[in-house]
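Counting begins at 1 with the first residue of the sequence.
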Amino acid sequence: MAKAFASSGDMEAKKISFTEVGRDLYAFTAEGDPNTGVIIGDDSVMVVDAQATPVMAQLVVDKIREVTDKPIKYVTLTHYHAVRVLGASGYGASEIIASEKCEGMIYERGQEDWDSEYGRFPRLFSAADSIPGLTWPTMTFKNRMTINMGKRKVELMHLGRAHTAGDIVAWVPDEGVMFTGDIVEYHSACYCGDGHFKDWGNTLDAIKAYNPDAIAPGRGDALVGKEMVNKAIENTRDFVESTYKPAARVAVRGGTLKEAWDAVRAECDPKFADYAIYEHCLPFNVARAFDEARGIETPRIWTAERDREMWAALQG
């Protein structure tokens with residue numbers, strides 16, 4: 001029987017956790033589904049990554065209301081992917097913050113990404129008809145922005161390319177906590193289909209230089225304690241390198257995408273096959289690794305048509 005395209009057959013609801021990762025700092029996680037961060041300041045709340053629809057955002061709002069009645073003023077987008085941004089209107093925030101590069105990528109490929117991601121993983125788009133349209137930032141920055149939430153400062157920073165070209169992190173220095181988006185994952189596959197493999201490790205080093213006490217990753221459990229943080233960073237590094245290097249060796253000798261697929265599977269299956277969304281990510285990861293190794297600097301735009309053509313070629 002043919003394997004279902006991407007995660008189109010994944011309809012099992014995940015268990016939600018709402019974990020305190022520092023004083024008035026929370027990670028909304030769901031067994032490998034996209035995470036959302038919550039930062040509570042003196043007079044308002046910041047949400048980091050919005051979920052895919054306003055209806056799904058309400059699940060986050062419900063958890064926030066269990067711990068504070070302060071207004072949600074900010075929604076910060078760590079990158080442009082549809083499952084992270086299209087629920088932003090559900091928070092009623094006055095400000096939506098992203099990097100300039102992220103905003104540019106929404107213009108360039110936001111609609112295509114929405115169409116592609118919905119086809120890949122429809123469960124993450126519960127009540128898709130509640131999405132009012134593409135999410136547009138009201139505030140952008142190039143490399144760094146400080147948001148003062150009373151006495152609490154939140155440093156928003158572009159530390160380098162990784163999961164996308166426009167990734168940012170949110171650093172809360174008073175608690176030593178970082179919200180990394182999909183630059184760091186924990187026991188969940190890294191989606192690298194729009195990534196920059198050769199830069200990713202340097203960006204992880206930049207995160208590690210802050211010596212975080214806790215991280216709210218893009219997917220997987222909240223990371224509390226330096227040991228768990230460092231383990232997740234190095235595990236993410238291993239995943240990225242184990243995907244890129246076999247594909248690059250095939251590309252350098254003039255091999256085919258299918259040969260790269262086989263080489264990456266041989267390296268990654270023994271280490272990562274039980275990770276959340278591993279099978280979902282792998283074809284897109286291999287395709288991007290193969291492209292980057294052949295000198296294609298800017299990730300090609302994924303469309304619903306390109307998704308299925310690639311999937312058919314690799315999966316049969």
Side-chain angles (χ1 to χ4, degrees), residues 48-49 76-81 84-85 98-110 113 140-145 155-171 178-186 188-212 215-220 223 229-252 260 263-264 267-268 272 281-302:
V48 182
D49 287 330
T76 294
L77 311 177
T78 63
H79 60 285
Y80 76 95
H81 283 156
R84 300 295 183 180
V85 309
S99 70
E100 291 176 2
K101 183 63 175 179
C102 174
E103 182 183 43
M105 297 181 84
I106 295 171
Y107 277 104
E108 178 190 49
R109 58 184 70 198
D113 183 71
T140 62
F141 63 96
K142 186 172 183 179
N143 290 316
R144 183 182 294 262
M145 173 185 283
E155 303 284 349
L156 304 177
M157 301 175 290
H158 172 64
L159 297 178
R161 301 187 302 183
H163 178 68
T164 73
D167 295 331
I168 65 171
V169 302
W171 170 243
M178 187 173 285
F179 298 79
T180 65
D182 286 311
I183 302 172
V184 177
E185 313 286 27
Y186 185 68
S188 178
C190 301
Y191 175 73
C192 311
D194 300 300
H196 295 268
F197 285 93
K198 287 181 281 189
D199 292 355
W200 204 315
N202 290 336
T203 305
L204 290 173
D205 289 340
I207 288 172
K208 200 168 185 178
Y210 281 83
N211 196 26
I215 280 178
R219 292 177 184 262
L223 308 169
V229 164
N230 290 327
K231 180 180 177 181
I233 290 172
E234 293 311 315
N235 184 250
T236 299
R237 190 191 311 275
D238 186 29
F239 187 99
V240 171
E241 292 181 352
S242 295
T243 302
Y244 181 69
K245 289 179 179 179
R249 286 193 291 267
V250 172
V252 165
V264 174
E267 178 72 19
C268 289
F272 309 119
C281 291
L282 196 62
F284 308 103
N285 293 358
V286 173
R288 173 56 193 150
F290 192 66
D291 276 358
E292 185 171 328
R294 292 184 300 145
I296 299 175
E297 173 70 12
T298 300
R300 291 188 286 161
I301 296 173
W302 290 102

Polar side-chain atom of [X] near backbone of [Y] as donor-acceptor pair, under 3.5 Å:
X: Glu103; Y: Thr140; answer: no
X: Trp302; Y: Asp113; answer: no
X: Glu185; Y: Arg219; answer: yes
X: Arg84; Y: Gly218; answer: yes
X: Asn285; Y: Cys190; answer: yes

Under 4.5 Å between any side-chain heavy atoms of [X] and [Y], yes or no?
X: Thr236; Y: Trp200; result: yes
X: Tyr210; Y: Met157; result: yes
X: Ile207; Y: Ile215; result: yes
X: Phe179; Y: Thr78; result: no

Shortest non-hydrogen contact from [X] toward [Y]:
X: Arg237; Y: Gly201; result: NH1-O, 3.3 Å
X: Ala260; Y: Val250; result: N-CG1, 3.7 Å
X: Cys281; Y: Ala189; result: SG-CB, 4.1 Å

Rounded to the nearest 0.5 Å, what's the gap from [atom1] on [X] to [atom2] on [Y]? Could you check?
X: Arg161; Y: Asn202; atom1: CZ; atom2: CG; result: 10.5 Å
X: Phe141; Y: Ile168; atom1: CZ; atom2: CD1; result: 4.0 Å
X: Leu223; Y: Asn235; atom1: CG; atom2: CG; result: 10.0 Å
X: Ser99; Y: Asp167; atom1: OG; atom2: CG; result: 8.0 Å
X: Leu159; Y: Asp199; atom1: CG; atom2: CG; result: 12.5 Å
X: Thr203; Y: His158; atom1: OG1; atom2: NE2; result: 7.0 Å

- Message: Under the criterion side chain to side chain contact (heavy atoms under 4.5 Å, CB included), I'd like the reasoning laid out for Lys208 against Leu204: C-alpha separation, chi angles, the key distance, then a yes or no.
- Response: CA-CA 6 Å; Lys208 200 168 185 178; Leu204 290 173; over 6 Å; no

- Asp194: which of His163, Arg288, Arg300, His81 passes side-chain hydrogen bond (donor to acceptor under 3.5 Å, both in side chains):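 Single pass found, and it is His81.
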
- Item | Residue list, side chain to side chain contact (heavy atoms under 4.5 Å, CB included) with Ala98, at least two apart or on another chain |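 By the side chain to side chain contact (heavy atoms under 4.5 Å, CB included) rule, Ala98 matches Leu77, Cys102, Pro137.
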
Which pairs of donor and acceptor atoms, one on a side chain in residues 239-248, lie under 3.5 Å apart (sequence neighbours left out)?
residue : atom : partner : partner atom : Å
Ser242  : OG   : Asp238  : O            : 2.7
Ser242  : OG   : Asp238  : OD1          : 3.1
Ser242  : OG   : Lys271  : NZ           : 2.7
Thr243  : OG1  : Phe239  : O            : 2.9

